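Computed from a prediction, not measured in an experiment: that's the story for all the values here.
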Amino acid sequence: MYMAWIAALGLAVTTAPSTLRDVDGAPHPIEVAPGEQLLVVVFLGTECPLARLYVPRLNELHRRYGSRGVRFLAIDSLEHDHAERVRAFAAQHQLEFPIAKDQGTTIADALRATRTPEVVVLDAQQRVRYRGRIDDQYRVGRHRSQATEHDLRRAIDELLAGKEVSVPEIEASGCLIPRRKPAPAASRWTYAEHIAPLINSHCATCHAAGRVGPMPLDSFEQVAAWASTIDEVVAARRMPPWHADRQFGRFANDLSLDDWQREMLRRWIAEGCPRGNVEPLPQSRSTVAFEWTIGVPDRVVSMPAEFVVPARGIIEYQVFDIDPGFTADRWATALEI
């Protein structure tokens, strides 16, 4: 079964499946069912930092409006997020409403969703009444201690009151939903020859399992899946992060890209992420077993007490005094946290 949505924000009519099954196999209509007032479709991704941050807020809204005929349905449109990963994400973050896998990006395309997290609100006539962010608390690279604009909540309240939505579309902040184009038969740039060494030397120290990066970039599949977001953050020079002022010289562990490396990476993405034919592919630094990236340290010191990180909100800087136990002055040549 296919259904048509009337995109009231753009006057375009799109078609897509009318039902998706969640990760446990239960069917969920992607339309307002009898007895319901609104459907809130939430696009999420298992590795998107902002998607993780917003689950508690979405749960709150689900509880707030569920008894008033507003149904919430999460959809994962990321090709590399298989069902088991989505199921684990929902369990870990205690998602309180169903999450389903998109068929490619069929639903995301039909509802013109571009990022995670992003919400689309449908009414009983299958019209899109609101599209965009949840609120203004969390943005890429900048968070507030609390939201000042509750965009989704305001839209729902206005619709339930029989009013037009005062701000029907607000750009969402978050990770791009990838839409890869086919790679050409021949390309100047390939993952195997050009991109894997670049990722290994500039990205994989952080983007590895158990490390600070939100997603591992340890394979062609992972890098290609995140190509759209990589292109965006590299173009904006947000990644790889490096804040030292270059007027004071170059540093041995500088992870930033020069202009040529940045251009090569962006051209490779624009050409559809060709894999190349070199076998085996270069091994990612993140797949090499290591405990310390600086070598075995001479001294290891630990925090005097554990600090429990809250599930939401902004944490002020925490300062912990730690005695390294030195009895004489020492030169430090490397430091790893």
request  = Could you go through the side-chain hydrogen bond (donor to acceptor under 3.5 Å, both in side chains) check for Arg71 and Gln37 one step at a time?
outcome  = CA-CA 8 Å; Arg71 178 165 56 92; Gln37 301 294 319; over 6 Å; no

For [X], I'd like to know if atom [atom1] has over 12 heavy atoms of other residues, nucleotides or ligands within 6.0 Å.
X: Gln94; atom1: CD; result: no
X: Asp245; atom1: CG; result: yes
X: Gln146; atom1: CD; result: no
X: Asp258; atom1: CG; result: yes

request  = With side chain to side chain contact (heavy atoms under 4.5 Å, CB included) as the test, would you mind laying out the steps for Leu39 and Val120 before giving the verdict?
outcome  = CA-CA 8 Å; Leu39 171 62; Val120 177; over 6 Å; no

inquiry  = Run the ring-ring contact (aromatic ring centres under 6.0 Å, His included) test against His80 and tell me which residues pass, sequence neighbours left out.
reply    =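 Only Trp226 meet the ring-ring contact (aromatic ring centres under 6.0 Å, His included) criterion with His80.
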
For Tyr65, ring-ring contact (aromatic ring centres under 6.0 Å, His included) partners two or more places apart =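 Not a single residue meets the ring-ring contact (aromatic ring centres under 6.0 Å, His included) criterion with Tyr65.
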
Residues [X], [Y]: salt bridge by 4.0 Å N-O rule:
X: Glu232; Y: Arg115; value: yes
X: Arg133; Y: Glu149; value: no
X: Arg85; Y: Asp76; value: no
X: Asp135; Y: Arg153; value: no

key: Residues that Val300 engages under side chain to side chain contact (heavy atoms under 4.5 Å, CB included), provided they are two or more places apart   =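 Trp292, Pro297.
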
key: Partner set under side chain to side chain contact (heavy atoms under 4.5 Å, CB included) for Ala270, not counting sequence neighbours   =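 With sequence neighbours excluded, Ala270 shows a side chain to side chain contact (heavy atoms under 4.5 Å, CB included) to no residue whatsoever.
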
ask   = Does any donor atom in the side chain of Gln92 or Arg52 lie under 3.5 Å from an acceptor atom in the other side chain?
value =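 Arg52 and Gln92 do not have a side-chain donor-acceptor pair below 3.5 Å.
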
message = Could you walk me through whether Leu61 and Ile134 satisfy the side chain to side chain contact (heavy atoms under 4.5 Å, CB included) test, starting with their C-alpha distance in whole Å, then the side-chain angles of each, then the deciding distance to 0.1 Å, before giving a yes or no?
response = CA-CA 10 Å; Leu61 293 170; Ile134 300 161; 4.1 Å; yes

task = Please state whether the rings of His62 and Phe97 are parallel, tilted or perpendicular, taking 30° and 60° as the class boundaries.
result =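 The arrangement is tilted - the two ring planes meet at 30° to 60°.
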
ask   = Parallel, tilted or perpendicular: which describes the rings of Trp268 and Phe220, with under 30° parallel and over 60° perpendicular?
value =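 Plane angle over 60°, so perpendicular.
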
query = Can Gln222 and Glu47 be said to form a side chain to side chain contact (heavy atoms under 4.5 Å, CB included), step by step?
reply = CA-CA 11 Å; Gln222 277 290 101; Glu47 294 175 317; 3.6 Å; yes

request  = Go through the structure and list residues passing side-chain hydrogen bond (donor to acceptor under 3.5 Å, both in side chains) with Glu158, not counting sequence neighbours.
outcome  =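 Partners of Glu158 by the side-chain hydrogen bond (donor to acceptor under 3.5 Å, both in side chains) criterion, ordered by chain and then number, come out as Ser166.
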
Of all pairs that satisfy ring pair (Phe, Tyr, Trp, His ring centres under 6.0 Å), the ones with a partner from residues 27-55, not counting sequence neighbours =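 Ring pair (Phe, Tyr, Trp, His ring centres under 6.0 Å) check on residues 27-55 returns Tyr54-Tyr138.
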
